[in-house]
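Report on one structure; see the data block that follows.
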Amino acid sequence: MGGVPYAYEWRVSHHTQELQSQFGDLAAGEEVDLSVAIAGRILIRRVFGKLAFFTLQDETGVIQLYLDKKAIEAGMPEAENPFQQLKQLTDIGDILGVRGTIKRTEKGELSVYVQQFQILTKSLLPLPDKWHGLTDTEKRYRQRYVDLIVNPEVRQTFRRRAQITAGIRRYLEKLDFLEIETPVLQTEAGGAEARPFITHHNTLDMQLYLRIATELHLKRLVVGGFERVFEMGRIFRNEGISTRHNPEFTSIEAYMAYGDYMAMMELTENLMATVTEEVLGTLEVDYQGTTINLTTPWRRVTMHELVKEETGLDFTKFTSVAEAITAAAAIGLDLEDCPTLGNALNEVFEARCEAKLTQPTFVTDYPVEISPLAKPHRSKTGLVERFELFIVGRETANGFSELTDPIDQRARFELQAAKKAAGDLEAQGVDEDFLTALEYGMPPTVGMGMGIDRFVMLLTNSPSIRDVIAFPLLKSAD
RNA sequence: GGGUAACUAGCUCAAUGGUAGAGCAUCGGACUCUUAAUCCGUUGGUUCAGGGUUCGAGUCCCUGGUCACCCA
């Protein structure tokens, strides 16, 4: 005791939750002569003259400490007035190690009957009000460590996030998928339509981009002979920030040779349902007051059907963009800027359908114009074999039979490059090396990408993406 | 990008244009079964920043900042 406010170690025998469950049915007033050692942060202090109650929190939960003057003096005979020191030197927020036995107090609170204690770390800053806690959103995100200390549900969210990512990996590995890491720093940011972050390598004196997708490298691996690959990792998009968008977020992309988009829809729903069941123990998920039912199979509907269902517009009947624009105007939609029929269809879909897709729904058969990496539909001209998964009106996953024809792929890239040259900041350039890979031959392959953060939001009932990212990007405070 | 609202003590919040406050936390004291312990006392402020109106601004006006929500 005394003098060393920052200790080196404390041998812990139990965590609070273990004790709470192990002695859950101990009767009030009963004691158990089991010696335990625990450690944690002092959350609340209730101090009397010769008796004190602390609430101690460790990673798993909380337990009360029963601090009796006589017991502590008996347990720490070399110390001088140890109980007095305990009262004077400890504060809310300090990390304390204790050894003692188990006792449920007469008032019924399971406690550690402390014989010895040591201040392991002194806290110099006061914790937020124990009753009101920390509610200021900005402070919660900027000082997540404080948020984690005082809001147990925040710890639960990140614990659950870890279970989800572990569950996804376990599921895919069981299906013989191999996780391979691909470059974050790239000379050309491709694989998606998004503005990239630009950075610079000093010794090579080279402009580099942070990846906006993992797609093109994973497909190179498929060319190389890995039939089932995936990568779960951070990607970066230099776009706006909202409750659904953080500039860096986590995606998983998985590629499976010899499968098509139908197979991948099945894999995706089974993967998500399995992980949900593992983590929540149910497929009925409450999200912000709405029950989302993840029981498979999920609804599959083509974009054409859905648009017709919601708006009455039958895009299979239109022969030109002009016709579509006129018809859309009649229902109050301005599509003047749409260059092609496919763009117009997508525009109507985004404006009128997306938000209504509350229950999990695979929207299929997208226009080729907005899908530069997807294989043409085997029976519908102008469309590709693609799906997007919507849950709670949010795009949560995206997959397609991969375009494997290098000539077609070059033409699609060139269209993109033309848009880029015309000033479209989200268009991608021609990735010559990727085309070379395709020229060596890529087996028929299906790929899928999923937004991990959005899936975690769903399973943790989090309204904002910032609630599932430990340290979300915020503007600098000053 | 547009709109709305918030910003005051460490935390949660008050304060008709007229002396900046409360609870908890801090600090000191009393107290051997508390659960937001209780009781007595104490400390604590660039009212987000900068300008303006006014005898006087936390309050009204303008500009900016951050966060939140809604819309695009």
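The analysis underlying the following values was restricted to heavy atoms, covering all of them including side chains, and did not include hydrogens, waters or symmetry mates. Model, not experiment: these values are computed from the prediction. Chain letters run A, B, ... following the sequence lines, proteins first, then strands; residues in each count from 1.
The P atoms of B:rU4 and B:rG64 are separated by 13 Å, rounded to the nearest whole Å. A gap of 16 Å separates the P atoms of B:rG58 and B:rU53, to the nearest Å. Spacing of C1' atoms, B:rG56 relative to B:rC69, comes out at 36 Å, to the nearest Å. Between the P atoms of B:rA37 and B:rC60, the separation comes to 37 Å (whole Å). Comparing the C1' positions of B:rG29 and B:rC33 gives an interatomic distance of 22 Å, to the nearest angstrom. Spacing between B:rA9 and B:rU46 at atom P, rounded to whole Å, works out to 8 Å. Taking atom C1' in both B:rC48 and B:rU66, the straight-line distance is 8 Å, to the nearest Å. Atom P of B:rG65 sits at a distance of 31 Å from the matching atom of B:rA20, rounded to the whole Å.
Within 4.0 Å of A:K70, counting heavy atoms only, lies at least one base atom of the nucleic acid.
Of all nucleotides present, none satisfies the Watson-Crick or G-U wobble test against B:rU53 with each distance under 3.5 Å. With both pairing distances under 3.5 Å, B:rU35 is matched to nothing as a Watson-Crick or G-U wobble pair. Across all strands shown, B:rU26 remains unpaired; no Watson-Crick or G-U wobble contact has both distances below 3.5 Å. In this structure, B:rU4 and B:rA68 make a Watson-Crick or G-U wobble pair, each of the two defining distances being under 3.5 angstrom. Base pairing of B:rU42: no nucleotide in any strand meets the Watson-Crick or G-U wobble criterion (both distances under 3.5 Å). Across all strands shown, the partner of B:rG21 is B:rC13, judged by Watson-Crick or G-U wobble contacts whose two distances both fall under 3.5 Å.
Each of A:P128 and A:R46 lies near RNA chain B, and the nucleotide nearest A:P128 is the one positioned closer to the 5' end. Ranked by how close their nearest RNA chain B nucleotide is to the 5' end, A:G133 and A:F53 are led by A:G133.
Straight-line distance from the CG atom of A:L124 to the P atom of B:rC27: 12 Å, rounded to whole Å. The OH atom of A:Y145 sits 13 Å away from the C1' atom of B:rG10 (whole-angstrom rounding). Here B:rG28 presents its P atom at 11 Å from NZ of A:K87, a figure rounded to the nearest Å. Here B:rC31 presents its C1' atom at 8 Å from CZ of A:F48, a figure rounded to the nearest Å.
The ring pair (Phe, Tyr, Trp, His ring centres under 6.0 Å) pairs that include a residue from residues 331-376 of chain A are A:W298-A:F362, A:F349-A:F390, A:F362-A:F387, where partners are two or more places apart or lie in different chains. Residue pairs meeting the salt bridge (Lys or Arg N to Asp or Glu O under 4.0 Å) criterion with at least one member in residues 9-26 of chain A, sequence neighbours excluded, are A:E9-A:R11. Within the structure, salt bridge (Lys or Arg N to Asp or Glu O under 4.0 Å) pairs that include any residue of residues 380-398 of chain A comprise A:D365-A:K380, A:R378-A:E385, A:R386-A:E388 (at least two apart or interchain). Residue pairs meeting the ring pair (Phe, Tyr, Trp, His ring centres under 6.0 Å) criterion with at least one partner in residues 317-336 of chain A, sequence neighbours excluded, are A:F315-A:F318.
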- Starting at the 5' end of nucleotides 67-72 of chain B, put B wherever the base has a protein heavy atom under 4.0 Å, S where only the sugar-phosphate does, and a dash everywhere else. SSS---
- After noting the C-alpha distance and the side-chain angles of A:R299 and A:E309, does the key distance pass the salt bridge (Lys or Arg N to Asp or Glu O under 4.0 Å) rule? CA-CA 14 Å; A:R299 185 187 182 201; A:E309 187 179 298; 3.0 Å; yes
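Taken from CD in A:E336 to CD in A:E347, the straight-line distance is 12.0 Å, to the nearest 0.5 Å. Atoms CD and CG, on A:Q143 and A:L134 in that order, are 8.0 Å from each other to the nearest 0.5 Å. Summarising the geometry, atom NE2 belonging to A:H245 is positioned 8.0 Å from atom CD1 belonging to A:I465; distances are rounded to the nearest 0.5 Å. Residue A:L383 holds its CG atom at 8.5 Å from CD of A:E369, rounded to the nearest 0.5 Å. The line from CG of A:L403 to CZ of A:R412 is 4.5 Å long, rounded to the nearest 0.5 Å.
Listed for the A:S111 side chain is a donor-acceptor partner under 3.5 Å among the backbone atoms of A:E109.
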N/O donor to acceptor pairs below 3.5 angstrom from side-chain atoms of residues 38-55 of chain A, sequence neighbours left out:
residue	atom	partner	partner atom	Å
A:R41	NH1	A:G93	O	2.8
A:R45	NH1	A:T90	O	3.0
A:R45	NH1	A:T90	OG1	2.7
A:R46	NH2	A:Q64	OE1	2.8

Listed pairs under 3.5 Å, donor-acceptor, residues 187-197 of chain A side chains, sequence neighbours left out:
residue	atom	partner	partner atom	Å
A:E188	OE2	A:K420	NZ	3.0
A:E193	OE2	A:Q416	NE2	3.4

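Near-neighbour residues of RNA chain B inside residues 57-67 of chain A, defined by a heavy atom below 4.0 Å, number-ordered: A:Q64, A:Y66.
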Distances for protein N/O vs nucleotides 38-45 of chain B N/O pairs under 3.5 angstrom?
none

Please write out the pairs of protein N or O atoms and N or O atoms of nucleotides 20-26 of chain B separated by less than 3.5 Å, giving the distance to one decimal.
residue	atom	partner	partner atom	Å
B:rG23	N2	A:D129	OD2	2.9
B:rC24	O2	A:D129	OD2	3.2
B:rA25	OP1	A:K130	NZ	2.9

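Checked by atom type, the side-chain pair A:D467/A:S464 shows no donor-acceptor distance below 3.5 Å.
Of all nucleotides listed (B:rU12, B:rU32, B:rC31), B:rU32 comes nearest to the side chain of A:K69. With B:rU32, B:rU35, B:rC33 as the candidates, the nucleotide lying closest to the side chain of A:E106 is B:rC33.
Applying the side chain to side chain contact (heavy atoms under 4.5 Å, CB included) test to A:V184 and every residue at least two apart in sequence or in another chain returns A:L210, A:R211, A:F236. With sequence neighbours excluded, the residues satisfying salt bridge (Lys or Arg N to Asp or Glu O under 4.0 Å) with A:R234 are A:E248.
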